Amino acid sequence: RSGVALFGSTHAQANWREESSAPMLAKDNIYSYNPRMNDWNPDLHPKAEALAMSEMSVLAMRIENKDIIDGSLGSMVELGIALLSAKLNGQRVVVSFEENIENTLKESGALAQYISLESALEDAQRLYPDLVTVQRGGSLEEFNTAIKSAVEEQRDEQTALKPEVKLLKDRKSTRLN
């Protein structure tokens with residue numbers, strides 16, 4: 001398992017994937033999946049997103065002010081699915097909130113959505129501290145650094161597990177003989 005799925009804000013101005021995260025990851029030879037499509041195919045793309053969600057070692061989510069102000073529930077749902085996938089599949093989740101998000105929320109519905117997101121993330125961090133990294137108000141550069149760190153941690157864990165996996169395989173083949 002390797003690579004990063006770049007989930008989160010997809011509104012028309014959300015160009016963080018193409019302009020920042022994907023090029024940074026590519027420079028370091030890290031595969032990234034970008035779910036944002038101009039020609040969305042309801043028969044194909046949800047399956048591709050589900051596969052990426054289950055197979056990537058890191059699930060990165062950038063949540064921008066516009067999504068919460070507009071009352072988009074997609075990021076809330078996607079975050080819940082990402083946290084569940086990470087817990088079940090041994091992945092890491094990196095979440096970044098756009099700068100000053102709490103200061104831009106004027107409507108009670110948007111504020112309630114933001115509080116719900118924060119509450120879910122605080123619970124996840126308390127229960128599973130190695131599962132999720134949350135960045136509040138950081139720059140895209142800091143978000144990219146957090147993604148890269150999560151990828152490196154996942155690689156280190158996979159490398160550390162290799163002797164144990166070999167031992168298990170050796171035991172299994174010995175039992176079969």
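Treat the numbers as computed from the prediction; the structure is a model and nothing was measured.
With contacts defined as side-chain heavy-atom distances shorter than 4.5 Å, the pair Arg155/Ile30 qualifies. No side-chain heavy atom of Val151 sits less than 4.5 Å from a side-chain heavy atom of Asp28. You'll find the side chain of Met56 reaches within 4.5 Å of the side chain of Tyr31, heavy atoms only. Between Leu121 and Leu79, some side-chain heavy-atom pair lies under the 4.5 Å cut-off. With a 4.5 Å cut-off on side-chain heavy atoms, Val58 and Gln154 count as touching.
When every heavy atom of Val134 is checked against every heavy atom of Val132, the shortest pair comes out as CG2-CG2, 4.0 Å. Considering all non-hydrogen atoms of both residues, Val93 and Ala82 come closest at CG2-O, 3.7 Å. Here the shortest heavy-atom pairing between Leu131 and Ala86 reads CD1-CB, 3.3 Å. In terms of heavy-atom proximity, Gln135 sits nearest to Ser139 at NE2-O, 3.7 Å. Minimum interatomic distance between Ser54 and Ser85 (heavy atoms only, all atoms of both residues): CA-OG, 4.0 Å. Taking all atoms of both residues into account, the shortest heavy-atom contact from Leu140 to Arg62 is CD2-NE, 3.6 Å.
For Ser149 (side chain) and Thr145 (main-chain N/O), a donor-acceptor pair under 3.5 Å exists by modelled atom type. No side-chain donor-acceptor contact under 3.5 Å links Ser57 to the backbone of Gln91.
Val77 and Leu88 fall into different hydrophobic clusters, where Ile, Leu, Val, Met, Phe, Trp and Tyr side chains are chained together by heavy-atom contacts under 4.5 Å. No chain of hydrophobic side-chain contacts below 4.5 Å, direct or via other Ile, Leu, Val, Met, Phe, Trp or Tyr residues, connects Leu51 to Val4. Transitive grouping of hydrophobic side chains (ILVMFWY, heavy atoms separated by less than 4.5 Å) brings Leu111 and Ile63 into a common cluster.
Considering CZ of Phe97 and CD of Glu118, their distance stands at 4.5 Å, rounded to 0.5 Å. Taking CG of Asn144 as the start and CE of Met24 as the end, the distance is 4.0 Å to the nearest 0.5 Å. Once rounded to the nearest 0.5 Å, the distance linking CG of Leu117 with CD of Glu122 reads 11.0 Å.
Under the side chain to side chain contact (heavy atoms under 4.5 Å, CB included) test applied with Met53, the options Leu84, Ile81, Asn89 reduce to a single match, Ile81.
Residue pairs satisfying the ring-ring contact (aromatic ring centres under 6.0 Å, His included) criterion with at least one member in residues 122-149, sequence neighbours excluded, are listed as follows: Trp16-Phe143. Counting only residues at least two apart or on different chains, the salt bridge (Lys or Arg N to Asp or Glu O under 4.0 Å) pairs with a member in residues 30-41 are Glu18-Arg36.
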